[in-house]
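Scroll down for the structure; my scribbles are underneath it.
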Amino acid sequence: QKEVEQNSGPLSVPEGAIASLNCTYSDRGSQSFFWYRQYSGKSPELIMFIYSNGDKEDGRFTAQLNKASQYVSLLIRDSQPSDSATYLCAVKAGYALNFGKGTSLLVTP
Amino acid sequence: DTAVSQTPKYLVTQMGNDKSIKCEQNLGHDTMYWYKQDSKKFLKIMFSYNNKELIINETVPNRFSPKSPDKAHLNLHINSLELGDSAVYFCASSQSSGGAGNEQFFGPGTRLTVL
């Protein structure tokens, strides 16, 4: 079973701080990695994807990938209360995505 | 200009009934998926179709049967509903699925409650 592991949280950060969300995966052959945000009662929304080792930045979001360590992370700079949600890490496995169980993020004013 | 839509949004039914959920995407994608999100919020793939061909059929009870009449539509029919089928069912789509890219876009979900 190819696994994707995330700390369930909740991760609590003050407004304006950097939130760091982590994910590890078991399939060393994985090539594509995705971060989704899911607000309560809503559908997952794609934030970022990353395929290559290193960092990828998009606005306040930075995805980091280290294939040797089988580790992918998401940094959210200048966290806002509106960032409070569950963040799902997903790893491509064949045609489908294997999702982690998500990390709950709470940004406090 | 809804990208991925599902109907119904809510479905409340009795055990033993048969029900269907419909999904449509207007993104021009050729691959569609059904995911189940349980009460613990774990999102798990059930089925996938690529150009109307079934390409993923995970270990789900055979009471669940997907059907894709064309590449823009993917329906899910569930026979003899059980209490454990209560969950949120998400449809998703992507443009192809080979290679590294597989950005999937999700519909709003169908919350199924079996009484």
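A, B, ... follow the sequence lines: proteins, then strands. Residue 1 opens every chain.
The shortest non-hydrogen separation linking F99(A) to F42(B) is O-CE1, 3.2 Å.
When hydrophobic clusters are built by joining Ile, Leu, Val, Met, Phe, Trp and Tyr residues whose side-chain heavy atoms come closer than 4.5 Å, directly or via intermediates, V60(B) is grouped together with I21(B). By the criterion of side-chain heavy atoms lying less than 4.5 angstrom apart, applied directly or through intervening Ile, Leu, Val, Met, Phe, Trp or Tyr residues, V88(B) is not grouped with F47(B); the two fall into different hydrophobic clusters. By the rule that hydrophobic residues join a cluster once side-chain heavy atoms approach within less than 4.5 Å of another member, M48(A) and L11(A) end up as members of one cluster. Note: the hydrophobic cluster containing F90(B) does not contain L11(B) (ILVMFWY, side chain heavy atoms under 4.5 Å, direct or indirect links).
Proximity to chain B (any heavy atom under 4.5 Å) is restricted, for Q38(A), to the side chain, taken from C-beta onward. Interface remark: I56(B) contributes side-chain atoms only to the contact with chain A (heavy atom separation under 4.5 Å). Looking at K42(A), only its backbone comes within 4.5 Å of chain B, counting heavy atoms on both sides. In this structure, no portion of E58(B) lies under 4.5 Å from any heavy atom of chain A. For chain B, the nearby parts of L97(A) are the backbone and the side chain; heavy atoms of each come within less than 4.5 Å.
Side-chain N or O atoms of S43(A) include none that pairs as donor or acceptor with a backbone N or O of G109(B) at under 3.5 Å.
Here the NZ atom belonging to K44(B) is positioned 7.0 Å from the CG atom belonging to N98(A), to the nearest 0.5 angstrom. S8(A) contributes atom OG, which lies 11.5 Å from atom NZ of K40(B) (distance to the nearest 0.5 angstrom). The CD atom of E103(B) lies 7.5 Å from the OH atom of Y36(A); values are rounded to the nearest 0.5 Å.
Residue E53(B) places its CD atom among 12 or fewer non-hydrogen atoms of other residues, nucleotides or ligands, all under 6.0 Å distant. Within a 6.0 Å radius of NZ in K22(B), no more than 12 heavy atoms belonging to other residues, nucleotides or ligands are found. The neighbour count for K67(B) NZ, taken as heavy atoms of other residues, nucleotides or ligands under 6.0 Å away, does not exceed 12.
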